[in-house]
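Here's the structure we're looking at; comments come further down.
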Amino acid sequence: MTPRSRSFDGRHREVLAVAADALPAGERPEPGPITVLPEADPTFVEAVEAAGGTVAPLGDDTRGIVWLAHDRPEQFDEIISTHPGIGWVQLPWAGVDAFAESIRDHDRPGLVWTSAKGAYAQPVAEHALTLALALLRELPTRIRATSWGPKIGSSLYGLNVVIIGAGGIALELLRLLEPFGVTVTIVRRSADPVEGAHRTVPVEQLDEVLPEADLLVVAAAFTAGTDKLIGARQLELLPETAHLVNIARGGLVDTEALVAALESGGIAGAALDVTDPEPLPDGHPLFSLDTAIVTPHSADTPEMIAPLLAARVRHNVRAFLETGEFAGRVDPAAGY
């Protein structure tokens with residue numbers, strides 16, 4: 001196996017930085033056969049069976065679904081709507097925006113939805129840190145350079161970092177940032193403190209903290225309420241020396257406003273693992289700007305996420321059959 005395709009192994013801890021409180025006995029779904037769909041991928045069949053579950057073809061007695069696709073909404077909708085005995089659905093991504101309509105339309109009492117939120121925190125936080133360091137060290141300019149050039153770059157040590165979001169990725173990034181002695185402000189739905197952050201503010205105060213941000217990391221869920229959360233006004237509030245990193249969803253940042261800010265020098269740089277639209281069309285200005293880095297939604301490659309999703313499936317199969325302590329539960333009303 002080459003380094004490019006090497007996956008996480010036993011040396012990496014499983015991240016369950018999400019609520020996993022046990023459901024009351026009366027609210028737990030009825031255990032029973034579990035179906036792995038759209039195809040019975042051996043990795044996840046093995047994960048179900050390793051946790052004591054029984055894998056069976058889809059039928060009237062199916063009680064749990066492990067869904068592994070993101071591009072078959074009609075098939076997914078039909079399965080959920082025509083099998084009312086299903087009591088637990090495991091979705092494959094941390095964000096569930098691709099399934100938001102289905103969750104809203106088919107949610108019912110006794111049905112537990114779980115996602116992979118928190119499970120991929122390690123590789124995604126690692127990618128966020130990589131992008132931040134690349135921006136600060138002016139690597140986009142140096143990679144394109146054909147001559148020696150001036151000494152350029154700045155250090156991450158001691159900077160003010162604003163992170164939007166307080167999920168597993170944000171928590172893992174806090175851990176990675178600790179050695180750099182940064183001051184971190186978390187922006188989230190509430191002002192409840194986040195361990196490792198110097199302060200936490202509600203999203204309503206986002207504009208108040210942006211003027212002091214040296215580095216802004218977008219790591220929040222994409223919902224109707226966070227669509228274009230970072231727009232022209234927010235970009236104008238950032239210092240001209242600030243850098244932006246988005247490893248959440250492209251729709252959280254107004255792409256046109258970001259291009260304008262980069263072209264005008266309103267901010268120093270941006271690194272995006274996610275874009276709107278996605279994939280970003282060939283010839284888009286972000287590809288040619290010296291102050292921009294675009295990676296193709298590769299913070300968590302298939303090789304990286306397979307063992308992490310398998311670990312999440314094992315955990316939730318045990319919750320389904322015994323404990324009721326589901327990790328990554330989705331709140332249908334909140335959309336994540």
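Just the heavy atoms: all of them, side chains too, but no hydrogens, waters or symmetry mates, feed the values below.
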Inset, instruction - Look up atom CG in Leu308 and atom OH in Tyr120, then write down how far apart they are to the nearest 0.5 Å. - result: 7.5 Å

Legend entry - Donor-acceptor pair between Glu212 and Asn160 side chains, under 3.5 angstrom: no

Enumerate donor-acceptor pairs with a distance under 3.5 Å from any side-chain N or O in residues 280-293 to protein atoms, sequence neighbours excluded.
residue, atom, partner, partner atom, Å
His284, ND1, Leu286, N, 3.1
Ser288, OG, Pro285, O, 3.1

Legend entry - Flag, side chain of Trp67 to backbone of Ala69, donor-acceptor distance under 3.5 Å: yes

Legend entry - OG1-CG distance between Thr275 and Leu258, expressed to the nearest 0.5 angstrom: 11.0 Å

Inset, instruction - Fit a plane to each ring of His70 and Trp93, take the angle between them on a 0 to 90° scale, and name the class: parallel (under 30°), tilted (30 to 60°) or perpendicular (over 60°). - result: perpendicular

Inset, instruction - Report the distance from atom OG1 of Thr114 to atom CZ of Phe320, rounding to the nearest 0.5 Å. - result: 10.5 Å

Inset, instruction - Output all residues satisfying side-chain contact (heavy atoms from CB on, under 4.5 Å) with Arg233, sequence neighbours left out; order by chain, then residue number. - result: Asp207, Leu237

Legend entry - Lys117 side chain to Arg329 backbone, donor-acceptor under 3.5 Å: yes

Legend entry - Given Val184, Ile247, Ile163, the one that forms side-chain contact (heavy atoms from CB on, under 4.5 Å) with Leu173: Ile163

Legend entry - Polar side-chain atom of Thr301 near backbone of Met304 as donor-acceptor pair, under 3.5 Å: yes

Inset, instruction - Please say which of Leu235, Asn246, Leu238, Leu252 ends up in a side-chain contact (heavy atoms from CB on, under 4.5 Å) with Ile230. - result: Leu235

Legend entry - Gap separating the CG atom of Asp273 from the OG1 atom of Thr130, nearest 0.5 angstrom: 10.5 Å

Legend entry - Asp276: salt bridge (charged side-chain N to carboxylate O under 4.0 Å, His left out) partners, not counting sequence neighbours: Lys228

Inset, instruction - For Glu172 and Arg175, run salt bridge (Lys or Arg N to Asp or Glu O under 4.0 Å): C-alpha distance rounded to whole Å, both residues' side-chain angles, the deciding distance at 0.1 Å, then the answer. - result: CA-CA 5 Å; Glu172 183 67 13; Arg175 190 180 71 84; 2.7 Å; yes

Inset, instruction - Following the transitive rule for hydrophobic clusters with a side-chain heavy-atom cut-off under 4.5 Å over Ile, Leu, Val, Met, Phe, Trp and Tyr, establish whether Val274 and Val218 coincide in one cluster. - result: no

Inset, instruction - Report yes or no: do Leu136 and Leu210 belong to one cluster of Ile/Leu/Val/Met/Phe/Trp/Tyr joined by side chain heavy-atom distances under 4.5 Å? - result: no

Inset, instruction - Could you check Thr185, Leu206, Val162, Ile186 and say which one makes a side-chain contact (heavy atoms from CB on, under 4.5 Å) with Val201? - result: Thr185

Legend entry - Value rounded to 0.5 Å, distance of CG in Leu131 from CD in Glu126: 10.5 Å

